[in-house]
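Naming: A, B, ... by sequence-line order, numbering from 1 per chain. All values below were derived from every heavy atom in this structure, side-chain atoms included, with hydrogens, water molecules and symmetry-related copies excluded.
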Number of protein chains: 2
Amino acid sequence: MLALHTPEGTLADVASTKLTQAIITGELLQGQKLNEAELAERYGIGRGPLREALRQLEGMRLVKRIPHAGARVVMLDRDMMADLYAVREALEGMACRTAALRMTDAEIETLRLLLEKHAEQIEATDGQIYVQSEGDFDFHYQIALGSRNQMLIDLLAGELYQLLRMCRYRTSRLSARTRPALQQHRHIVDALTARDGELAEILMRRHISGAWKSISQMMDEEHDSKTITYPRSKTASGS
Amino acid sequence: MLALHTPEGTLADVASTKLTQAIITGELLQGQKLNEAELAERYGIGRGPLREALRQLEGMRLVKRIPHAGARVVMLDRDMMADLYAVREALEGMACRTAALRMTDAEIETLRLLLEKHAEQIEATDGQIYVQSEGDFDFHYQIALGSRNQMLIDLLAGELYQLLRMCRYRTSRLSARTRPALQQHRHIVDALTARDGELAEILMRRHISGAWKSISQMMDEEHDSKTITYPRSKTASGS
DNA sequence: TGCAAAAAGATTGTCAACAATCGTCGAGAA
DNA sequence: TTCTCGACGATTGTTGACAATCTTTTTGCA
């Protein structure tokens, strides 16, 4: 009983978790075709459970299935990321406003301590850790929990955050705004402490839209240097 | 080639659609155990596709699966409905604000015509149709489409609206606010026409939170008359 | 009589083979 | 040479049987 060989119960759920990880880390590339037989082989399971896992990932918007044509890893292009951040802003803004009313004093205090830990990590690694690590998600996740809205929690934790982590892996070395982000987090906690829901929402929305502006801008620059513009006309795309 | 016998391609997708309908209409009761073999028999398919359909419904939050214990229809209790309406308010408010900027004049005009059709139906049926029918969803769905945010559209159309329709079937005869609702819809279209995103958002949020207050209040009254309070103490609950 | 444990039954999870469908490659005609 | 049609191969969709797990019933003991 040293180590339970499967983190969750069924093979389909295990496969679902592993696939999620593989997609987020980029081990499975964006737009890549997912061959059922090959994946089943790789994870040592039958195609039945694997298909169930794919259906689950489809629900999380990590893969797109087309009947009789197979599943592909979702293409997280710029438009989709923009949509994602817009939805996230609305949802987390609401979470923050609600959390200001419903979180216990103890929970808010825990949040503040969490930020202190983050601050230490930032100093220790000179600004590297905060954004890259999952630490940032802890903060946002704790606030989602604080809203006491189970549907909102599921929505954020189950779907949006997976896509968001996928964004991060793609753009991790682009954005290095760890210190301003931490400062914004601190201000949010202050608003929560003051039980000022409206302010907390505004700060959270600004925090998220700021993050998007930063990422968006960095993508522009990256884009210009590489010039991977998608072919807008069909000028001999074959060769 | 008169009629394609299956609306969608795979059996799993067909089953998914049928199950969704069965759950929403209450043919499958809330909290009811879903026996795989029995359902597969009923729909004339194997258990494989049926299990995939269940996994898909789980993603839509219409059923809750527990490993090795089967799937049950979700319990749409009052708390969950409150959560649902809160999330919906945030999401549709955002959709409305964005739609005010992105919808074409033609689309807004179409919306207005839609409302006129609704008005006729209301007069013809003396206030019955509007809320009960899917007509209301058309309006909200069109605005979601107008946001041009695919993620938001999927979220609303694919998940929240199903649950919402489930609410309706449970509380359809409770709420009869068809005329005020139509009037609110008209004001929203006016705001869209004026391209006033902020006002459009406010009006939509008020519309939705008003709907929830109405439903919530009616549930209270229904509740009091029936007195189905959950047992708060264990006073011989067995008999 | 009441409780606990074990066996029986039912249900879910998994697999491997079969059928249906789609994409591709090549042959033939314009 | 290029387009179309048809056959082949590969992949997905589906099924039924088997294994693992949970639930219920029954039996034995205190």
Side-chain angles (χ1 to χ4, degrees), chain A residues 1 3-20 22-23 28-29 31-59 62-74 234 236-239, chain B residues 1 3-20 22-23 28-29 31-59 62-74 234 236-239:
Chain A
M1 216 186 268
L4 32 107
H5 46 64
T6 53
E8 295 159 54
T10 76
L11 293 188
D13 289 330
V14 176
S16 168
T17 305
K18 286 186 180 172
L19 276 173
T20 300
I23 290 175
L28 293 172
L29 301 169
Q32 180 177 340
K33 174 77 183 298
L34 296 176
N35 186 305
E36 293 181 3
E38 181 190 322
L39 285 175
E41 168 89 7
R42 186 197 304 193
Y43 294 127
I45 63 178
R47 273 181 54 221
L50 188 101
R51 281 174 64 85
E52 289 186 22
L54 285 180
R55 267 255 166 43
Q56 206 157 316
L57 290 223
E58 186 188 20
L62 287 177
V63 310
K64 192 161 165 27
R65 268 184 358 100
I66 297 169
H68 301 287
R72 310 189 85 91
V73 178
V74 75
K234 19 187 104 142
S237 56
S239 62
Chain B
M1 218 189 268
L4 31 107
H5 46 65
T6 52
E8 293 160 54
T10 77
L11 293 188
D13 289 331
V14 176
S16 169
T17 304
K18 287 185 180 171
L19 277 173
T20 301
I23 289 174
L28 293 171
L29 300 169
Q32 179 176 341
K33 174 77 184 299
L34 296 176
N35 186 306
E36 293 181 1
E38 181 190 323
L39 285 175
E41 169 88 9
R42 186 196 305 192
Y43 294 127
I45 62 177
R47 272 181 55 222
L50 188 102
R51 282 174 62 85
E52 289 185 24
L54 286 180
R55 267 257 166 43
Q56 205 157 317
L57 290 221
E58 186 188 20
L62 289 176
V63 310
K64 192 161 163 29
R65 270 183 0 99
I66 297 169
H68 302 287
R72 311 189 85 92
V73 178
V74 75
K234 19 187 104 138
S237 58
S239 62

(Q) Any base atoms under 4.0 Å from A:G48, or only sugar-phosphate, or nothing? Heavy atoms, all strands. (A) nothing

Q. Does a side-chain N or O from A:K33 land closer than 4.0 Å to OP1 or OP2 of C:dG23, or not?
A. no

**Q.** Considering all heavy atoms, the nearest A:A37-A:N35 contact
**A.** N-OD1, 3.0 Å

Q. Would A:T10 and A:D13 count as having a side-chain donor-acceptor pair, cut-off 3.5 Å?
A. yes

Q. Can you name the salt bridge (Lys or Arg N to Asp or Glu O under 4.0 Å) partners of B:R47, sequence neighbours left out?
A. B:E36

Q) Can you tell me how far P of D:dC22 sits from CD1 of B:I66, to the nearest Å? A) 12 Å

Q: Using a 4.0 Å heavy-atom cut-off across all strands, classify A:L34 as base, sugar-phosphate, or nothing.
A: sugar-phosphate

Q. Between B:E58 and B:K64, does at least one N-O distance fall below 4.0 Å, as a salt bridge requires?
A. no

Q. Could you give the NE2-to-P distance, from B:H68 to D:dT21, as a whole number of Å?
A. 7 Å

Q. Which nucleotide in the set C:dT14, D:dG13, C:dT12 lies at the smallest distance from any side-chain heavy atom of A:L11?
A. C:dT14

Q | Between C1' of D:dT11 and CG of A:L50, the distance in whole Å | A | 13 Å

Q: Calculate the interatomic distance between A:R72 atom CZ and C:dG23 atom C1'; express it in whole Å.
A: 12 Å

Q. Rounded to whole angstroms, how far apart are CD on B:E52 and P on D:dT12?
A. 12 Å

Q) Is there a side-chain contact between A:L28 and A:L19, using heavy atoms and a 4.5 Å cut-off? A) yes

Q. Whole-Å distance between D:dC22 P and B:N35 CG?
A. 17 Å

**Q.** Euclidean distance, atom CG of residue B:D13 to atom C1' of D:dG13 [Å, nearest integer]
**A.** 11 Å

Q | Spacing of A:R47 atom CZ relative to D:dA10 atom C1', expressed in whole Å | A | 11 Å

Q: Please determine, for the side chain of B:R65, which listed nucleotide (C:dC15, C:dG13, D:dG13) has the closest atom?
A: C:dG13

Q: Would you classify B:P49 as touching base, sugar-phosphate or nothing, given that sugar-phosphate means primed atoms plus P, OP1 and OP2, and contacts are heavy atoms under 4.0 Å?
A: base

